[in-house]
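Just so we're clear, the structure is a prediction, and the values are computed from it rather than from any experiment.
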Amino acid sequence: LFQFANQFTEMIPIEDAVQNFVHEYVMLNLKKKSIFDFFSSVLDRIQDEGVTFNQAIFEPRRGVIIRYPSVLLKEISWIISEGARKGSEIVHNIVTKISVYLDNTKKIKELIYDLLTETVQSVNTQAKFLAPFIAAIVGSLSLVIIRALYEMAKKLDDIMNSLNFGTGGVSDSSFFSSFINFSKITPPTIFGTLVGVYMVETVYLLSLLANGVENGSDKLNEKYELGNNLLRSTILYAFISGAVMLLFNIIAGRVLTATL
């Protein structure tokens, strides 16, 4: 914008300013810049179709702005178009002030981001790894604990049966099993599902927070981060849950066998 504003120091029409701006970018070999594509497209429409700067950008069906879904670019283009009606000097002042304002805004944004970098990285780490990892550990441990209690109660009932061989056949084989009522315990599958739902909610909120701090109200990037983090965390949750349950079941089985 600052370079574009310099074109109006010669008090030329905005169409000539766009042409000089595009030619300057060609001379500087800056054709890969997105702003070059924008002004080059505007210039092509002005030269080929004989439309005005305003029509080249804002025509309902063929306007260049349709290919650039940016609120900032749209507003700035509108301001430049309206200022062009009042003369080159007005456009020069307007565009120069806008460029200075945007430069200051960028500096403030970078300063805030530097202050929040550690926080954003921490939130991203929690969303992508810690949340599914902790949730998987918690969900897996419930299955292991219930299995360990069941095996212990079963072994203790067997011990009670062996100790009652001289009591005339009276047996209290269900003493420990009734002491721990497994029918009233939440099934591990349901508990794992509940933990998984909690994990999804946590990742969702953390992703929104990280994107809001890092990118502002960027809905497109927000959806991308949500989809990426939720897919990754779900796969990680399922993988860790299976691995932890398998490992802990093996360990618990060996411990129970050795002790009982």
Side-chain angles (χ1 to χ4, degrees), residues 34 65-75 102-152 180-256:
S34 298
I65 199 66
I66 296 175
R67 302 199 301 268
Y68 298 86
S70 169
V71 177
L72 181 63
L73 182 60
K74 183 178 180 179
E75 294 296 331
L102 292 178
D103 184 57
N104 292 335
T105 303
K106 181 182 178 182
K107 292 178 180 178
I108 294 173
K109 179 182 177 180
E110 291 175 349
L111 176 61
I112 294 175
Y113 185 74
D114 289 339
L115 295 174
L116 297 176
T117 297
E118 185 176 350
T119 302
V120 173
Q121 291 177 350
S122 175
V123 171
N124 282 324
T125 302
Q126 293 179 46
K128 295 177 180 179
F129 178 74
L130 287 182
F133 179 80
I134 295 175
I137 295 296
V138 173
S140 303
L141 283 177
S142 65
L143 176 61
V144 176
I145 292 173
I146 292 175
R147 181 177 181 273
L149 290 175
Y150 177 77
E151 293 293 337
M152 289 176 62
I180 304 176
N181 193 345
F182 290 97
S183 63
K184 294 184 179 180
I185 296 178
T186 302
T189 53
I190 296 179
F191 186 80
T193 302
L194 295 176
V195 174
V197 172
Y198 170 78
M199 183 271 297
V200 170
E201 293 177 349
T202 303
V203 172
Y204 181 86
L205 294 175
L206 290 174
S207 299
L208 290 182
L209 176 61
N211 179 76
V213 174
E214 192 170 3
N215 303 302
S217 57
D218 188 344
K219 295 298 181 182
L220 182 62
N221 194 78
E222 177 182 297
K223 293 180 180 179
Y224 172 78
E225 290 294 334
L226 281 174
N228 190 27
N229 289 344
L230 287 174
L231 178 62
R232 180 182 301 175
S233 60
T234 302
I235 294 174
L236 187 62
Y237 174 75
F239 176 77
I240 294 178
S241 295
V244 171
M245 282 190 290
L246 181 62
L247 178 62
F248 281 3
N249 277 330
I250 294 175
I251 296 175
R254 291 181 178 178
V255 171
L256 289 173

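Using modelled atom types, no side-chain atom of S241 and backbone atom of A238 make a donor-acceptor pair closer than 3.5 Å.
At most 12 heavy atoms of other shown residues, nucleotides or ligands fall within 6.0 angstrom of atom OH in Y204. Under a cut-off of 6.0 angstrom, the local environment of CD in E118 is sparse, with at most 12 non-hydrogen atoms contributed by other residues, nucleotides or ligands. In this structure, L111 places its CG atom where more than 12 heavy-atom neighbours from other residues, nucleotides or ligands lie under 6.0 Å away.
Here I134 contributes atom CD1 and M199 contributes atom CE; the two are 12.0 Å apart, rounded to the nearest 0.5 Å. Taken to the nearest 0.5 Å, the CG atom of L130 stands 7.5 Å off from the OG atom of S122. One distance of note links CD1 of I66 with NZ of K74; it measures 10.0 Å at 0.5 Å rounding. Note that NZ of K219 and CG of L226 are 10.0 Å apart. Values are rounded to the nearest 0.5 Å. If you take OG on S207 and CG on N228, they are separated by 8.5 Å, rounding to the nearest 0.5 Å. To the nearest 0.5 angstrom, I240 atom CD1 is 5.5 Å from F133 atom CZ.
Checked options V120, N221, N124, V123; the residue passing with N211 is N221 (criterion: side-chain contact (heavy atoms from CB on, under 4.5 Å)).
Between the side chains of T125 and Q121, not a single donor N or O lies within less than 3.5 Å of an accepting N or O.
For the pair N229/L206, no side-chain contact is recorded, criterion being any heavy-atom separation below 4.5 Å from C-beta on. Looking at heavy atoms from C-beta onward, Y237 lies in side-chain contact with V195 at the 4.5 angstrom threshold.
Taking every heavy atom of both residues into account, V203 and A127 meet most closely at CG2-O, 3.5 Å.
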